[in-house]
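Everything on this sheet refers to the single structure shown next.
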There are 2 protein chains.
Amino acid sequence: MNDSKNISIKDVAKHANVSTATVSHVINGTRFVSEETKRKVHQAMDDLNYRINSVARSLRSRKSHVIAFLAPILASETSNYFFMSVAAGIQSVLKQHQYHLVLSDSHEEEQFESNEIRMLGSQMIDGLIMAPASRELDYERLFGDYPVVYLDRVPNNSYRDFVVVDNKTVSKEAVQMLIGNGHKRIAYISGPHTLTTTEERHAGYLEALSEAGLAADSELISIGEVSLNSGYKITESLLKQQPTAIFVTDNVMAMGVMFYLQEKKISVPEQIAVIAYDEFQWTRITSPPLTVIEQPAFELGVKAAEVMLERIDDPEAPMQEHRLTANLIVRHSS
Amino acid sequence: MNDSKNISIKDVAKHANVSTATVSHVINGTRFVSEETKRKVHQAMDDLNYRINSVARSLRSRKSHVIAFLAPILASETSNYFFMSVAAGIQSVLKQHQYHLVLSDSHEEEQFESNEIRMLGSQMIDGLIMAPASRELDYERLFGDYPVVYLDRVPNNSYRDFVVVDNKTVSKEAVQMLIGNGHKRIAYISGPHTLTTTEERHAGYLEALSEAGLAADSELISIGEVSLNSGYKITESLLKQQPTAIFVTDNVMAMGVMFYLQEKKISVPEQIAVIAYDEFQWTRITSPPLTVIEQPAFELGVKAAEVMLERIDDPEAPMQEHRLTANLIVRHSS
DNA sequence: AGCCTCCACGTAAACGTTTACATAGCTTTA
DNA sequence: TAAAGCTATGTAAACGTTTACGTGGAGGCT
């Protein structure tokens with residue numbers, strides 16, 4: 001079944017009576033080769049069942065055609081699937097350019113993350129797209145000699161390309177809608193503010209409040225761990241403050257919120273209104289269907305990949321900074 | 001910021017006054033080196049900010065330390081997140097053994113899949129774990145010279161290691177429970193039977209029926225595209241057949257089922273009972289929470305990775321076939 | 001003292017490509 | 001017809017490791 005020997009370009013060359021250079025050029029179309037010679041080479045490759053050794057190619061050409069994506073991507077109790085959609089977007093453009101995608105999981109944890117960056121080594125990847133787990137860490141000293149594009153979040157003092165979501169504007173818009181509907185006591189539930197994203201969402205919330213002349217009540221703001229249970233517990237304790245609406249900036253925590261409200265038969269939006277982050281299919285089958293902020297996850301990936309490819313193409317080009325706008329999908333929970 | 005030159009093992013050797021062999025052995029711990037020399041080498045590596053070139057290493061050692069996972073993995077309208085959990089499982093064991101994971105998306109489509117296998121090339125990966133999109137395709141002629149472990153599904157005539165879920169037993173168990181609760185008209189909703197998994201689930205359904213002396217009514221069996229909308233539509237038309245229970249073997253289609261039932265205010269389980277496949281967090285926040293079949297997704301990945309590592313270790317060892325048992329989680333929809 | 005063993009390390013080939021440089025034969029030009 | 005140019009291909013170095021083999025010297029043994 002398996003060819004016991006490994007067929008190299010040399011074997012092909014010998015079998016076709018040409019030089020290795022010619023074979024290489026036939027494979028890559030990198031210089032003119034007569035039709036007749038091409039035919040012979042292809043014939044030889046077929047005969048021998050030749051497969052190119054991409055490792056050798058990478059070594060010599062100093063290009064691996066691999067892009068890594070480092071993010072809290074893999075499924076776990078506390079993960080939402082936002083970054084999966086991002087990965088799909090990245091994949092879709094890389095594929096068109098014959099690039100591979102390596103997914104690395106950061107666990108949203110600095111230690112894991114640093115480790116992964118190290119494992120990626122130097123010549124293994126041509127570029128790194130990452131959603132940094134920390135704002136404070138000095139990533140620069142971890143990186144190898146490849147371009148880096150930040151996605152979704154940006155660490156402090158970065159001079160790199162980045163592609164993020166305009167979280168502040170859409171969060172403000174969501175809260176403004178709640179205010180417009182007459183809500184004055186709007187609770188805010190979020191994961192830790194260690195990320196630029198959560199910061200921005202918080203800022204949008206605050207700005208909407210203040211512009212409407214509403215005071216921010218710190219009793220209504222609850223920061224917690226990102227998990228369903230955490231969302232559940234926070235909702236329970238927050239309700240003692242008698243909010244009339246909840247703005248929850250994390251998808252997984254939102255499940256906890258809905259779990260609690262449903263279990264306690266608290267009717268939405270009559271007794272309390274809810275707006276959550278992220279549009280996933282499950283948000284359509286709660287009762288009532290949720291009003292959510294839809295982040296352009298796929299497009300985020302697409303844009304980041306495009307930026308990466310351009311950066312590889314021209315390392316000296318000016319830095320790119322993209323802020324994609326998110327979308328408020330109004331359903332029946334608000 | 002970036003070191004303009006690429007530091008190689010030669011530079012380190014020169015700087016430390018030793019040979020490249022010694023540096024290599026220090027890095028890999030592959031033969032004795034005196035403490036003093038080790039110190040010098042480490043010092044030199046730090047001074048020069050040396051990073052190993054894993055491509056060159058792979059070329060020479062003929063090991064890439066990369067395992068690919070090929071499955072319909074990335075998010076899209078029709079994808080469920082089952083394989084993400086699997087990937088997490090694979091990742092967890094590979095990481096412990098210093099292996100990398102490359103995720104490839106098959107789109108559940110033979111053409112894409114074949115393409116991906118080709119792109120993986122020959123020396124790029126040390127092994128391939130895959131959930132084949134087809135039972136019929138002759139995968140053997142696509143593979144390179146690496147071990148392959150099938151996961152979740154197995155193509156016809158395969159002689160490879162595989163790790164799957166015992167779908168038949170658990171499906172039978174689920175249907176038996178419905179029967180035990182007095183149901184006689186149990187609808188069956190599923191994606192296309194092109195996979196061994198769906199076949200097995202169907203077989204379990206049928207066997208439970210026949211062992212209970214119930215006739216299988218083909219009007220109650222509906223095969224359709226895997227999507228929320230498809231699930232919605234199928235439920236709509238299936239209800240005309242007056243089933244008292246629904247067994248839906250796909251997570252995404254299950255959302256469609258619940259969407260329809262909720263929209264039409266059909267109460268579960270009073271008017272109709274529901275059992276669905278796959279335990280995800282959203283199944284806990286429907287009303288009522290769903291009775292589901294929990295596939296050991298993470299464990300599937302773990303086992304597949306373990307099998308792969310053993311296979312790499314000993315290519316001649318006897319083939320391994322693992323069937324993991326799934327779990328019926330009884331909540332309030334049945 | 002001669003020989004052997006062991007210790008700690010060095011030398012250089014090899015992995016399979018890509019690619020700068022070279023070249024043989026033919027055609028064109030003056 | 002000699003020089004020049006073009007066409008199609010060949011030669012061999014280089015990419016950065018790993019590793020089989022070799023070696024100088026210190027110490028032990030007889």
Side-chain angles (χ1 to χ4, degrees), chain A residues 3 5-42 44-45 48-66 98 121-126 144-146, chain B residues 3 5-42 44-45 48-66 98 121-126 144-146:
Chain A
D3 314 290
K5 283 273 163 262
N6 252 318
I7 308 298
S8 84
I9 215 173
K10 281 186 188 169
D11 303 311
V12 175
K14 198 162 298 174
H15 193 271
N17 260 322
V18 296
S19 71
T20 61
T22 297
V23 176
S24 175
H25 284 118
V26 167
I27 292 172
N28 300 297
T30 142
R31 85 176 172 194
F32 181 88
V33 177
S34 73
E35 285 307 319
E36 168 62 7
T37 308
K38 269 188 199 164
R39 207 193 44 69
K40 282 194 303 182
V41 170
H42 281 124
M45 295 199 301
L48 302 177
N49 190 24
Y50 169 76
R51 327 178 79 97
I52 199 163
N53 184 325
S54 33
V55 172
R57 163 183 286 187
S58 294
L59 177 58
R60 173 59 220 226
S61 66
R62 318 183 117 270
K63 294 214 132 289
S64 65
H65 272 233
V66 172
Q98 305 275 78
S122 60
Q123 306 293 345
M124 169 145 228
I125 58 174
D126 286 353
D145 193 23
Y146 42 72
Chain B
D3 313 290
K5 286 272 162 262
N6 251 318
I7 308 299
S8 85
I9 214 173
K10 280 185 188 169
D11 303 311
V12 175
K14 197 162 299 175
H15 193 270
N17 260 322
V18 296
S19 71
T20 62
T22 297
V23 176
S24 174
H25 285 118
V26 168
I27 292 172
N28 300 295
T30 141
R31 85 176 173 195
F32 182 88
V33 178
S34 74
E35 285 308 319
E36 168 61 7
T37 308
K38 269 189 201 163
R39 205 192 46 68
K40 282 195 303 183
V41 170
H42 281 124
M45 295 199 300
L48 302 178
N49 191 22
Y50 169 76
R51 328 178 78 95
I52 199 163
N53 184 324
S54 33
V55 172
R57 163 183 286 187
S58 294
L59 176 59
R60 172 62 219 226
S61 66
R62 320 185 113 268
K63 295 214 132 290
S64 65
H65 273 233
V66 172
Q98 305 275 77
S122 60
Q123 306 292 345
M124 167 144 229
I125 58 174
D126 286 353
D145 193 22
Y146 42 73

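Below, chains carry the letters A, B, ... as their sequence lines are ordered, and counting in each starts from 1.
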Among all residues two or more places apart in sequence or in another chain, which pass the side-chain hydrogen bond (donor to acceptor under 3.5 Å, both in side chains) test with [X]?
X	answer
S58(A)	none
T37(B)	S34(B)
T30(B)	none

When all nucleic acid strands are considered with a 4.0 Å heavy-atom cut-off, which category describes [X]: base, sugar-phosphate, or nothing?
X	value
V55(A)	nothing
V33(A)	sugar-phosphate
N17(A)	sugar-phosphate

Q | Set of residues satisfying ring pair (Phe, Tyr, Trp, His ring centres under 6.0 Å) with respect to H65(B), sequence neighbours excluded | A |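 With sequence neighbours excluded, H65(B) shows a ring pair (Phe, Tyr, Trp, His ring centres under 6.0 Å) to Y99(B), given in chain and number order.
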Q | salt bridge (charged side-chain N to carboxylate O under 4.0 Å, His left out) pairs, two or more places apart, involving residues 13-23 of chain B | A |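 Of all non-adjacent pairs touching residues 13-23 of chain B, none passes salt bridge (charged side-chain N to carboxylate O under 4.0 Å, His left out).
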Q: Write down the distance between NZ (K40(B)) and C1' (dG10(C)), rounded to a whole number of angstrom.
A: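 To the nearest whole Å, that distance equals 13 Å.
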Q.
Between C1' on dC7(C) and CZ on R31(B), what's the gap in Å once rounded to a whole number?
A.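 Interatomic distance, CZ of R31(B) to C1' of dC7(C): 11 Å.
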Q) What pairs with E35(A) under side chain to side chain contact (heavy atoms under 4.5 Å, CB included), at least two apart in sequence or on another chain? A)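 Counting only residues at least two positions away or on another chain, E35(A) forms a side chain to side chain contact (heavy atoms under 4.5 Å, CB included) with K38(A).
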For residues 16-27 of chain A, dump all side-chain donor-acceptor pairs below 3.5 Å to protein atoms at least two apart in sequence or in another chain.
unit_1	atom_1	unit_2	atom_2	d
S19(A)	OG	A21(A)	N	3.4
S19(A)	OG	T22(A)	N	3.2
S19(A)	OG	T22(A)	OG1	3.3
S24(A)	OG	N28(A)	ND2	3.4
H25(A)	ND1	A21(A)	O	2.9
H25(A)	ND1	R31(A)	NE	3.2

Q: Could you encode protein contacts along nucleotides 13-19 of chain C as a string, one character per nucleotide from 5' to 3', using B for base contact, S for sugar-phosphate-only contact and - for no contact, with a heavy-atom cut-off of under 4.0 Å?
A: BBBBBBB
Q.
For the helix from dA1(C)-dT30(D) to dA30(C)-dT1(D), what angle separates the axis at the start from the axis at the finish, each from five pairs, in steps of 10°?
A.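 Axis-to-axis angle, ends of the helix: 60°.
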Q | Shortest non-hydrogen separation from D126(B) to S64(B) and the atoms involved | A |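 Distance-wise, the nearest heavy atoms are OD1-N, 2.9 Å.
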